[in-house]
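Structure first, then comments.
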Amino acid sequence: GNPQTINYGVKLFGQIGRQDVGVLQVRSANDDGATSATGHDNALVVRVKRRLFRQSSAGVLYTRHDSLDVADGKRETIGADFRLATSAFHGSKNLIFSGYALGATAAAGASGGKGAYGVRLDYPNDRWNGGLVYRSIQENFNPALGFILRNNYQEVNPYFNFSPRPINHPYIRRMGFTAPEMAIEIVRGWHFGRRSAVTSARAREVLTELVPAMLDAFGKSSDPDAAL
């Protein structure tokens, strides 16, 4: 977009007890920078989050955008979110469950849903890292501030990573694969001579010496799975 002149902005943030509070108000000028009664945009963001337990939180959000030179130019969004987290799952494992729900002002005459919501479960730990993400963006969801890539869709996205840490290796600290079962099967196939290049015992001996450097190179690539 084009640079926009800012007439003024006010930001307030801090803590009140267990609440984190933030407020942002910005007023932009019209295209020629004049300060007339019209041609301005007002943007307001209010965020309140309450800290719960040791690692969890819940909060609300309100945003508003006023275009003073456009009829019916006011748009609003209100939402709520939560995050429930622990680092003591099964003793010392991390587990996070989070979600959100948003509702926005729809365009005049629009019919259909005007909200967005989602939930997420994450298990972010060493060696095994996985989770499940679900989100839904309804057809008339149009946030007052910010943007979305598209609307009118639902998404279910499970993910799973295997990230071992080799013991006492001089170069490799951690390896990461998003399809661990594939990576394990490929490397196992090499060592069992399932490829023509490694059918001899000598070839497999050489392979054993090369695998650490190969995995290190794979890990440094932008897509370790594709490189493997």
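In what follows, every heavy atom counts, from backbone to side chain, and hydrogens, waters and symmetry copies are set aside. Only a predicted model underlies this, so the values are computations on that prediction, with no experimental measurement involved.
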*Of all the heavy-atom pairs spanning V119 and F97, show the shortest one and how long it is.*
CB-CE1, 4.2 Å
*Counting only heavy atoms not in R18, do more than 12 sit closer than 6.0 Å to its CZ atom?*
yes
*asked:* side chain to side chain contact (heavy atoms under 4.5 Å, CB included), that's the test. Do H65 and N42 meet it? Break it down for me.
replied: CA-CA 6 Å; H65 181 243; N42 285 323; over 6 Å; no
*Exercise: identify the closest heavy-atom pair between Y123 and N129*: O-OD1, 3.1 Å
*Hydrophobic cluster (4.5 angstrom, side-chain heavy atoms) - remaining members for V10*: Y8
*Could D41 and R27 be called an ion pair, given the rule that one side-chain N must be under 4.0 Å from one carboxylate O?*
no
*R120 side-chain N/O to V133 backbone N/O, donor-acceptor pair under 3.5 Å*: no
*Is the backbone of N152 close enough, under 3.5 Å, to the side chain of Q138 for a donor and an acceptor to pair up by distance?*
no
*Would you say the side chains of E76 and Y62 form a donor-acceptor pair under 3.5 Å?*
yes
Which atom pairs, one a donor and one an acceptor, fall under 3.5 Å between side chains of residues 87-96 and the rest of the protein, sequence neighbours left out?
residue: S87; atom: OG; partner: Q55; partner atom: OE1; Å: 3.3
residue: N94; atom: ND2; partner: P124; partner atom: O; Å: 3.3

*For R51 and Q15, what are the C-alpha separation, side-chain angles and deciding distance, and is it a side chain to side chain contact (heavy atoms under 4.5 Å, CB included)?*
CA-CA 10 Å; R51 284 165 276 128; Q15 296 181 348; 3.6 Å; yes
*Does any N or O in the side chain of T77 come within less than 3.5 Å of the main-chain N or O of A144, such that one atom is a donor and the other an acceptor?*
yes
_Applying salt bridge (charged side-chain N to carboxylate O under 4.0 Å, His left out), can you list everything that pairs with R150, at least two apart in sequence or on another chain?_
none
_Distance-only polar pair, side chains of D81 and Y117, donor-acceptor under 3.5 Å_ = no
*After noting the C-alpha distance and the side-chain angles of Y100 and F82, does the key distance pass the ring pair (Phe, Tyr, Trp, His ring centres under 6.0 Å) rule?*
CA-CA 7 Å; Y100 67 89; F82 69 90; 9.5 Å; no
